Amino acid sequence: MTENAFAIFKHRFPGDLTRPFLIRPEGAETSYASLIETAGRYAAALRQLGVTKGDRVAVQVEKSPNAVFLYLGCLQIGAVYLPLNTAYKADEIAYFLGDAEPRVFLVRPETLDSLRPVAEAAGVAELHAMDAEGGGSLTDLAESLAPITEIADCETDDLAAILYTSGTTGRSKGAMITHGNLSSNALALQEIWRFQPDDVLLHALPVFHVHGLFVAINTTLVTGSAMIFLPRFDADEVLHHLPRATAMMGVPTFYVRLLKHPGFTREATAHMRLFVAGSAPLLAQTFEEFEERTGQRILERYGMTEAGMITSNPYDEERRAGTVGFPLPDVEVRVADEDGRILGQEEVGVLEVRGPNVFKGYWRMPEKTASEFRADGFFITGDMAMIDNRGYVHIVGRAKDLVISGGYNVYPKEIEVLLDGLEGVRESAVIGLPHPDFGEAVTAVVIGDSSLEEDAVIAAVKDRLANFKVPKRVFFVDELPRNAMGKVQKNALRETFKQTFLAAS
Ligand code: MCA
Ligand code: AMP
């Protein structure tokens, strides 16, 4: 049997294909039969555009049901799905297209003209638009064609998707995700989180990252269950749709915002069986407030683009605040020092992971890939962790210089390079500061001419960076704190400015 993830999902669809897969906010439902048909039409459209197995299909569109069916159509023909955050600006897109060389690039109608030269420069053969409702030239083509029913034969190791993640050097890396990565993770999550066909997942995450795309959608697909598909997170909307849901997945900011809502009560959540949190650390305070308010314990899990979901708190046993639980079935984790020496329980080091969830490597970066794997196949996550004497994994910090804001990753180097290029800036250091809503907020500390102003610096980078990467504050200093090696001490800067976003809350 093929190892194509779509085939593995489809094998688990409900016997009764009229059952709902996707429920829109206004109530319209799309059945599993309709999913199969629409994905098959997109598969046919991609074929018509010359897409063959292994070709990349880059997509920067609004969240819509059709965007999901297109993703599934890609899997079906063995094409490589390349989702891009809608916040990315033309400069960022130019890099991804140049690196991944997709055959097709699907954009929003409003960016079609501005991205055309970018796509042409990268040699993209087919540029199409998809609107917020999922309509446009590619959908028109899909609707004019008969759906493809066959599923491309794929091995576990064949590429299913490329997801870009920034790096400590400032250059983004395309994580190569395989069919085996997708199916193994979805099946493991279904099992450990006890998904059942009558579950209804409230889906309010974006669908261009692992959390909203793979964790939420693929787990639903292998269960044959339904999801309520909201275009974005909005606390009022979530509360409105909660009565019909049984489970929800979110970044910590979702739960912080829900707890601010007076309607988020024990009664409103009494029928829910599961709230999952991840993508960024969930504060123990949020976990506790949530339990006080609803009587339920959020289930926190831990993952990353390169390895999907890695660990999870248990469903039945104790869910412990400040921990991310145990490795998923078939996944091994260990804590090691910088030289790869394996450490014991309760010792802090870098977390390493091995298993069917771990990606194949970085696209066209064999050396970078080699440097992030140990000889025995463990991937070095860059997260500082400790495994306690009960086996719970604690993420205690990051060895990598990374800021996570509202669940989105921001690598300081990328912003520092831009800031350093501005007239009047001599040097910059970008840090994450505690923020009551986003968890961490991107902040720049700059040495430069006395004529520099905060608003002007922010305005100068805004057009070139996704909005979540834009510094929320810029501070000017005469010098940056350094260690004996001359390296900027970001811990000292974080300490100096730590009250910035907390004071006003
Ligand atoms: C929006 N803004 C942000 C963020 N989002 N700034 C910093 N961090 C953010 N995450 C900007 C907006 O552009 C706007 O700025 C201002 O902040 C306020 O916007 P607001 O309306 O509050 O934002 P929102 O539309 O409500 O979005 C916040 C959000 C969203 C709902 C938390 O960021 C979100 O959906 N995050 C989920 C991210 C996610 O799915 N991560 C999973 C990655 P301005 O007015 O200046 O434009 S996968 C992963 O990490 C691994 C694998 C894992 O373990 O899951
Ligand atoms: P990404 O590169 O977007 O896939 O983000 C992955 C990173 O998010 C991980 O390497 C961690 O640093 C962080 N992360 C994800 N889940 C958690 C969690 N539950 N607790 C702490 N950090 C997390």
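All of these numbers come straight from a predicted model, not from anything done at the bench. Numbering of ligands and ligand atoms starts at 1, following listing order. Note that these values count all heavy atoms, side chains included, but never hydrogens, waters or copies made by symmetry.
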Checklist outcome for this item: Within 4.0 Å of some non-hydrogen atom of Ile404, the atoms of ligand 2 are 8 (O), 12 (O), 13 (C)
Item to check | Taking atom 7 (C) of ligand 2 as the reference point, the nearest protein heavy atom with its distance | outcome: Gly303 O, 3.9 Å
Checklist entry - Using a distance-only test with no angle check, is there a side-chain donor-acceptor pair under 3.5 angstrom linking Asp157 and Thr178? => result no
Checklist entry - Which heavy atom of the protein is the closest neighbour of atom 4 (C) of ligand 1, given with residue, atom name and distance? => result Phe438 CE2, 3.5 Å
Next on the checklist: Heavy-atom contact check, 4.0 Å cutoff: does Arg301 meet ligand 2?
Outcome noted: yes
Checklist entry - With backbone taken as N, CA, C and O and side chain as the heavy atoms from C-beta onward, which portion of Phe468 lies under 4.0 Å from ligand 1: side chain, backbone, both, or neither? => result both
Next on the checklist: Can you confirm whether some protein heavy atom lies under 4.0 Å from atom 9 (C) of ligand 1, or whether none does?
Outcome noted: yes
Item to check | Gly212 heavy atom under 4.0 Å from ligand 1 | outcome: no
Next on the checklist: Which residue and atom name correspond to the protein heavy atom nearest atom 9 (C) of ligand 2, and how close is it?
Outcome noted: Asp383 OD2, 3.3 Å
Checklist entry - Just checking, is any N or O donor in the side chain of Asp420 or Ser428 under 3.5 Å from an acceptor N or O on the other one? => result yes
Next on the checklist: Any carboxylate oxygen within less than 4.0 angstrom of a Lys/Arg side-chain nitrogen, looking at Arg194 and Asp316?
Outcome noted: yes
Checklist entry - Which protein non-hydrogen atom lies closest to atom 55 (O) of ligand 1, naming both residue and atom, and how far is it? => result Ser279 OG, 2.6 Å
Next on the checklist: Suppose we measure from atom 30 (C) of ligand 1 to each protein heavy atom; which comes out shortest, and what is that distance?
Outcome noted: Tyr408 CE1, 4.2 Å
Next on the checklist: Once ring-ring contact (aromatic ring centres under 6.0 Å, His included) is applied, do any residues pair with Phe69, and if so which ones, sequence neighbours excluded?
Outcome noted: none
Checklist entry - Can you list the atoms of ligand 1 that are under 4.0 Å from a heavy atom of His209? => result 43 (C), 48 (S)
Next on the checklist: Does Lys368 qualify as a cation-pi partner of Tyr362, given the criterion of NZ or CZ under 6.0 Å from the six-membered ring centre and within 45 degrees of its axis?
Outcome noted: no
Item to check | Minimum-distance protein heavy atom relative to atom 32 (C) of ligand 1 | outcome: Thr253 CG2, 3.7 Å
Next on the checklist: Do Glu92 and Tyr164 pair up side chain to side chain, a donor and an acceptor below 3.5 Å, judged on atom types alone?
Outcome noted: no
Item to check | Salt-bridge present (Arg398, Glu440; N to O < 4.0 Å) | outcome: yes
Item to check | atom 6 (C) of ligand 2: nearest protein contact (heavy atom, Å) | outcome: Met304 CB, 3.4 Å
Checklist entry - Under 4.0 Å from any heavy atom of Met304, which atoms of ligand 1 are there? => result 52 (C)
Next on the checklist: Could you tell me if the side chain of Pro252 sits less than 4.5 Å from the side chain of Leu283, heavy atoms only?
Outcome noted: no
Next on the checklist: Ring-plane angle category for Phe275 and Phe264, please: parallel below 30°, perpendicular beyond 60°, tilted otherwise.
Outcome noted: perpendicular
Item to check | Atoms of ligand 1 close to Ser405 [distance to a heavy atom under 4.0 angstrom, numbered from 1] | outcome: 7 (C), 8 (N), 9 (C), 10 (N)
Checklist entry - Which protein heavy atom lies closest to atom 35 (O) of ligand 1, and at what distance to 0.1 Å? => result Pro206 CD, 3.6 Å
Checklist outcome for this item: One finds that the ligand 1 atoms under 4.0 Å from a non-hydrogen atom of Leu205 are 40 (O)
Next on the checklist: My understanding is that we take every heavy atom of each candidate and find the minimum distance to atom 20 (N) of ligand 2. Doing that for Lys400, Met309, Glu300, His394, which one comes out nearest?
Outcome noted: Glu300
Next on the checklist: For Asn467 and Tyr408, which I'm curious about, is there any donor-acceptor pair between the side chains at under 3.5 Å?
Outcome noted: no
Checklist entry - Between atom NE2 of His211 and atom NE2 of His209, what is the distance when rounded to the nearest 0.5 Å? => result 12.0 Å
Next on the checklist: For Phe373 together with Phe359, are the ring centres under 6.0 Å from each other?
Outcome noted: yes
Checklist entry - With a 4.0 Å heavy-atom cut-off (strictly under), which part of Ala280 contacts ligand 2: side chain, backbone, both or neither? => result backbone
Item to check | Partners meeting salt bridge (charged side-chain N to carboxylate O under 4.0 Å, His left out) with Asp388 (sequence neighbours left out) | outcome: Arg320
Checklist outcome for this item: protein heavy-atom neighbour closest to atom 20 (P) of ligand 1 works out as Arg257 NH2, 4.2 Å
Checklist entry - Can you check whether Thr305 has an N/O within less than 3.5 Å of an N/O in ligand 1? => result no
Checklist entry - Within a distance of under 4.0 Å, is there any protein heavy atom near atom 44 (P) of ligand 1? => result no
Item to check | Heavy-atom gap Val324 to ligand 2 smaller than 4.0 Å | outcome: yes
Next on the checklist: Side chains of His435 and Lys472 only: does a donor on one sit below 3.5 Å from an acceptor on the other?
Outcome noted: no
Checklist entry - Which atoms form the tightest heavy-atom contact between Met249 and Leu205, and what is the distance? => result O-CD1, 3.8 Å
Checklist outcome for this item: The atoms of ligand 2 lying under 4.0 Å from a heavy atom of Thr305, numbered in the order shown, are 1 (P), 2 (O), 3 (O), 4 (O)
Item to check | Options Gly406, Ala466, Gly308, ranked by nearest heavy atom to atom 37 (C) of ligand 1, top entry | outcome: Gly406
Checklist outcome for this item: Check: of Arg301, Lys462, Lys63, Lys469, min heavy-atom distance to atom 46 (O) of ligand 1 comes from Lys462
Checklist entry - Hey, which atoms in ligand 1 end up nearer than 4.0 Å to a heavy atom of Gly303? => result 54 (O)
Next on the checklist: So, regarding Gly407 and ligand 1 (criterion: nitrogen or oxygen to nitrogen or oxygen, under 3.5 Å), is there a contact or not?
Outcome noted: yes
Checklist entry - Hey, what do you get for CZ (Phe105) to CG (Leu82), rounding to the nearest 0.5 Å? => result 9.0 Å
Next on the checklist: Need the ligand 2 atom indices (1-based, order shown) with element for anything under 4.0 Å from a heavy-atom of Asn409.
Outcome noted: 1 (P), 2 (O), 3 (O), 5 (O), 6 (C)
Item to check | Under 3.5 Å: N/O of Lys472 near N/O of ligand 1 | outcome: yes
Checklist entry - Where's the contact between Pro281 and ligand 2, heavy-atom distance under 4.0 Å: side chain, backbone, both or neither? => result both
Checklist entry - For ligand 1, which atoms sit closer than 4.0 Å to a heavy atom of Val210? => result 48 (S), 52 (C)
Item to check | Working for side chain to side chain contact (heavy atoms under 4.5 Å, CB included), residues Trp363 and Leu159 | outcome: CA-CA 10 Å; Trp363 173 255; Leu159 274 197; 4.1 Å; yes
Checklist entry - Would you call the rings of Phe96 and Tyr88 parallel, tilted or perpendicular, where under 30° means parallel and over 60° means perpendicular? => result tilted
Checklist entry - What is the closest protein heavy atom to atom 24 (P) of ligand 1, and at what distance does it sit? => result Arg232 NH2, 3.7 Å
Checklist entry - Considering only heavy atoms of Asn467, which atoms of ligand 1 have at least one such atom less than 4.0 Å away? => result 13 (O)
Checklist entry - Which residue and non-hydrogen atom of the protein lie closest to atom 16 (N) of ligand 2, and at what distance in Å? => result Ser279 N, 3.2 Å
Checklist entry - With a distance cut-off below 6.0 Å to the six-membered ring centre and an angular limit of 45° from the axis, does Arg257 pair with Phe233 as a cation-pi contact? => result no
Checklist entry - So is Glu306 in contact with ligand 2, going by heavy-atom distances below 4.0 Å? => result no
Next on the checklist: Using ring pair (Phe, Tyr, Trp, His ring centres under 6.0 Å), reason through Phe438 and Phe501 one step at a time and then give a plain yes or no.
Outcome noted: CA-CA 10 Å; Phe438 292 126; Phe501 300 100; 9.3 Å; no
Checklist entry - Any chance the side chains of Trp193 and Ser312 put a donor and an acceptor closer than 3.5 Å? => result yes
Checklist entry - Looking only at heavy atoms of Thr381, does any of them come nearer than 4.0 Å to an atom of ligand 2? => result no
